[in-house]
Amino acid sequence: MNNLIKPEEIIYPQFEYAFSVIDKCTDDYIFILDFENDCYNISESAVERFPLPNSKFHHVTSTLKNIIHPDDFNMIEKNLEEISEGKTKQHNFEYRWKNTDGDYVWISCRGQVISDTKGLAAYLVGRISEIGSLKRADNITGLLTDIQLNRDYKLYTSKNKNISGYLMYIKIDNFGELNRRYGKSEGNNVLRIMARILEKSVVNNTRVYRYENSSFVLFNYQGDCANDAKSTYNNIRQAVERATEKIDYKLFFTVSAGVVEFSPNKTDKIDDIYKKAEFAIYSATKNKKNNIVIFSDEEYNNYIKRLKIQENLRIDIKNNFEDFELYYQPIISTRTKKLVGAEALLRWKSKEYGHMSPIEFVPILEESGLIVPLGKWIFNTAIRQCKEWQKYIPDFKVNINISYVQLRTSDVLKDINKCIEETELDPQYIVIEITESGHLDMNNSLIRGFYERNFKLAIDDFGTGYSNMRYLQHLNVNTIKIDRSFVERASRNPYDFKIVKHIIDMAHSINLEICLEGIETEAELSVFEPLKPTFIQGYYFGKPVPKDIFYEKHIKSLFSKDLSKNH
Ligand code: C2E
Ligand code: MG
Ligand code: MG
C-alpha cells in the first residue's frame, strides 16, 4: 500500500488529452480506473456532485463503497473483481450513488476494459451519466420513474407472454396541503418517507417507481392479484400511520390507491393500464380518501358514457339549444279544481341516446356547469310561455326548477331581469323551485334578488332530504312541494299519512302553501283531499306535455268552456 505512487503523480499519457477534451463537451462524468495503481480518476464536476475525496483517489473499492447504495454494492464489487481477473470485459450497469446531499441518485455506468501486453485488465475507461437527467430516475426519492416503468413493462411483457400481476397507483392525499403549509423541502421529506415505506412494504417481484407529483406506482409482474394488492396497500397504510405517529403527527398524511390487474389474455398497452389506474385512483379519492379501489370495467364504461352524454349536451347547447324542449305539467287548486299554472320540466332527445330522463341528465348538467347556460334558456322559454298563456288565464303561474349550481352564479339574475323587462311579466307569477331546503340561504345573492323582486319561492321534493320546518319559517318561502315518494308511502302507511297531515297543518299555521306532487289516481286524491293541500300536481290531472298539447288539453278547453258559459 505504501508503495503506491501519489494519485496526482499518476498520468495517463495515452488518455489524458482525450479525457480533458471530452470532459469539456459532455454532462457525463468521464472516468479511468487504473487496476495496477488501484487509482480512480474522474471528472472534476463529479467531486461537486458526489462525496468523493478528490477527482483522483486510491483504494477504489473501499472509497466507492461509501457512495454506492448498499443494495447495489455487491454487484459492482463482483464485476470489478471479474474484470481484474480477466473473466469479463463488460461493465454496463445502472445503480445508485449517494450525492453530496446524502440522497441516492441513479447512474448509468458504462466502461471499456483496456488490457496490457499480457492480456490482463489494465484500465477500465468509460462514462457515468445520471439517469435522473434522462428522467428515468427521481433524485428526490431515489426511485426509478415512470419512464423506466414504461421500459420495464415492455420488457417483461415482451419476454413473457404469460405475465400477470397488477399495477398500483398510489397518491398522497393531502400533499398540496403539506407543501402549502410546510414548504417544498418538508414536502420532499414526505416523498422520501413514502418511498422508503413503499420499498419496505412490497413483496418480491414488485418494483416501486415515482410517478408524477405526489404519486408512486407499484408494478407487480409475478402473478399477484387484486387481493394481494389490497393486503400490500393495508401494509402501506399501516406503515404510513406509524410514520406519522413517530413524528407526532407534525406531517400528517394519508394515501389512496387505484389498482389495475393484468393477466396473459388481458395484457393492455401501458397507456391503457395508466388510463385505468388513473380512473381507479380518481374513484378512490372522489368521495373519500385513505382508500383503495380496484379498477372495474363496468364503472369505467359508465363513467365514459357520462362523459359522452356531457359532450352531446354541450354540442346541443352550443347549437342553439337544439334537441331540448320544455314540457309543462298542470298544477291544480285543490279548492276550486281549476288550473292555476304549470311546472316547466326539461326534456332532452339526444341524437345518440334518444329520450333520456332528467333524473339521469340533470346531474350531468350540474357536474359540468352546463346547467348555467341551459338554465338561462329554461328561464327565457318558460317566462315567455307564461306571458303567452296569461292571455287566456291572467294569473297563470309558471314553476321553474333551479339547480344549486345556478345559485352560485349571480349573473343569472341579470338575464332573468332582462327577460322580465322584455315580456313585462310580473315576477309574482314566477315560482322558483329549489330542491332541498339546505340550499336555501337568504345570504345567497340570487335568492335575495328573487325575493327583492317579488318572485315566489318553493321548496321542491320536501320529505326526501334534509327538510326542517322551523328553519323554513325564517326563510321567505311561499310553497312546500311534498315529493311523490312521500305521497306514495303515505297512501299505504298510516304512520307516513300522519306525518303528511302534520306537515300540511304546520305549513298552514305559518301561512305556507302546500303542493302535493305525484297524485296518480282518484283513490290517492280522495285520501289526501281532506288534508286540504293548497295545490295538487300529478298524472291524475295531467302528465308533463309539450306546450301545444298543454294548450290543447288544459287551456283551450277551459277557455272555450268559459266562452260557452258567457254565451
Ligand atoms: P321535480 O322538479 O320534482 O319534478 C317533478 C317530477 O315528478 C317530474 O319528473 C314529473 O314528471 C314527475 N311527476 C309528476 N307527477 C307525477 C306522477 O303522478 N307520478 C309520477 N310517477 N311522476 C310524476 P321529471 O320531469 O322526470 O323530472 C325529474 C326531475 O328532474 C325534477 O323533479 C327536477 O328535479 C329535475 N328537472 C326537471 N326539469 C328541470 C329543469 O328545468 N331544471 C332543473 N334544474 N331540474 C329539472
Ligand atoms: Mg320541481
Ligand atoms: Mg318535486
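Counting starts at 1 for both ligands and their atoms, in listed order.
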Test of understanding: given a 4.0 Å heavy-atom threshold, classify the contact between Ile378 and ligand 1 as side chain, backbone, both, or neither.
side chain
Among all the protein's non-hydrogen atoms, which is closest to atom 2 (O) of ligand 1, and how far away is it?
Asp460 OD2, 2.8 Å
Can you check whether a protein heavy atom sits less than 4.0 angstrom from atom 32 (O) of ligand 1?
no
Below 30° counts as parallel, above 60° as perpendicular, anything between as tilted: where do the rings of Phe279 and Tyr300 land?
perpendicular
Between Glu366 and ligand 1, is there a nitrogen or oxygen pair with a distance under 3.5 Å?
no
Consider only side-chain N and O atoms of Arg306 and Asn302, and report whether a donor and an acceptor are under 3.5 Å apart.
no
Run the numbers for me: atoms of ligand 1, each under 4.0 Å from some heavy atom of Ile359, listed by number.
28 (C)
Of the side chain and backbone of Glu343, name the one, both, or neither that has a heavy atom under 4.0 Å from an atom of ligand 1.
side chain
Steps toward side-chain contact (heavy atoms from CB on, under 4.5 Å) verdict (Thr479, Leu512):
CA-CA 6 Å; Thr479 314; Leu512 288 180; over 6 Å; no
For Phe262 and Phe219, take the angle between the two ring planes, folded into 0 to 90°, and tell me which bin it lands in: parallel under 30, tilted 30 to 60, perpendicular over 60.
tilted
Run Tyr353 and Lys305 through side-chain contact (heavy atoms from CB on, under 4.5 Å) and show every step you take.
CA-CA 10 Å; Tyr353 302 101; Lys305 186 179 171 195; 3.8 Å; yes
Quick check with a 6.0 Å cut-off and a 45 degree axis cone: is Arg489 positioned over the face of Phe486's six-membered ring?
yes
For Glu520, all residues meeting side chain to side chain contact (heavy atoms under 4.5 Å, CB included), sequence neighbours excluded:
Arg484, Glu524, Tyr539
Show the nearest heavy-atom pair for residues Ser164 and Ser263, with the distance to one decimal.
CB-CA, 3.7 Å
Verify whether the ring centers belonging to Tyr274 and Tyr211 lie closer than 6.0 Å.
yes
Please find the pair of heavy atoms, one from Ile281 and one from Ser256, that lie closest to each other, and give the distance.
CD1-O, 3.4 Å
With a 4.0 Å heavy-atom cut-off (strictly under), which part of Ile519 contacts ligand 1: side chain, backbone, both or neither?
backbone
Pair Asp173, Thr254: side-chain N/O donor-acceptor within cut-off below 3.5 Å:
yes
Enumerate the atoms of ligand 1 whose separation from the nearest heavy atom of Ser403 is less than 4.0 angstrom.
44 (N)
Run the numbers for me: atoms of ligand 1, each under 4.0 Å from some heavy atom of Pro544, listed by number.
11 (O)
Should Ile480 and Glu513 be marked as a side-chain contact (heavy atoms from CB on, under 4.5 Å) after you check the CA-CA gap, both sets of side-chain angles, and the distance that decides it?
CA-CA 6 Å; Ile480 294 175; Glu513 294 171 336; over 6 Å; no
At a cut-off of 2.8 Å, what protein N/O/S atoms sit near the Mg ion (ligand 2)?
Glu343 OE2, Asn401 OD1, Glu433 OE1, Asp460 OD2
Tell me whether atom 14 (C) of ligand 1 lies less than 4.0 Å from at least one protein heavy-atom position.
yes
Under 4.0 Å from one or more heavy atoms of Glu517, ligand 1 contributes atoms 3 (O), 5 (C)
Which is closest to atom 35 (C) of ligand 1 in terms of heavy atoms, Asn399, Val487, Val362, Ile536?
Val362
Atom 37 (C) of ligand 1 touched by protein (heavy atom, under 4.0 Å)
yes
Say whether Tyr539, considering both its backbone and side-chain N or O atoms, lies within less than 3.5 Å of an N or O atom on ligand 1.
yes
Would Thr435 count as a contact of ligand 1 if the rule is a heavy atom under 4.0 Å away?
no
Measure from atom 9 (O) of ligand 1 to the protein's non-hydrogen atoms and state whether any distance is below 4.0 Å.
no
Short N/O distance, under 3.5 Å, between Glu520 and ligand 1?
yes
Would you say Leu346 has any N or O atom under 3.5 Å from an N or O of ligand 1, going by distance alone?
yes
Short version for Arg484: what comes under 4.0 Å of ligand 1, heavy atoms counted, is side chain
Out of all atoms in ligand 1, which are within 4.0 Å of some heavy atom of Gly538? Include the element for each.
15 (N), 18 (O)
Indicate yes or no: does an N/O atom of Arg347 lie under 3.5 Å from an N/O atom of ligand 1?
yes
Of the listed options (Val405, Thr521, Asn401), which comes nearest to atom 45 (N) of ligand 1 when hydrogens are ignored and any heavy atom counts?
Asn401
List the steps, then state whether side-chain contact (heavy atoms from CB on, under 4.5 Å) holds for Gln390 with Leu425.
CA-CA 9 Å; Gln390 284 196 346; Leu425 180 78; 3.4 Å; yes
Ignoring hydrogens, what is the shortest heavy-atom contact between Pro533 and Phe528? Give both atom names and the distance.
CD-O, 3.4 Å
Heavy atoms only: give me the nearest Arg408-Tyr404 pair and the separation to one decimal.
NH2-CE1, 3.3 Å
Which residue from Ala344, Gly375, Pro358 reaches closest to atom 26 (O) of ligand 1 through any of its heavy atoms?
Pro358
Can you name the closest pair of heavy atoms from His554 and Phe541 and give their distance?
CE1-O, 3.3 Å
Measure across Phe550 and Gly341 and return the closest heavy-atom pair with its distance rounded to 0.1 Å.
CZ-O, 4.3 Å
Which protein heavy atom lies closest to atom 3 (O) of ligand 1, and at what distance to 0.1 Å?
Asp461 OD1, 3.0 Å
side-chain hydrogen bond (donor to acceptor under 3.5 Å, both in side chains) between Asp228 and Ser231, intermediate numbers included:
CA-CA 5 Å; Asp228 302 310; Ser231 79; 5.3 Å; no
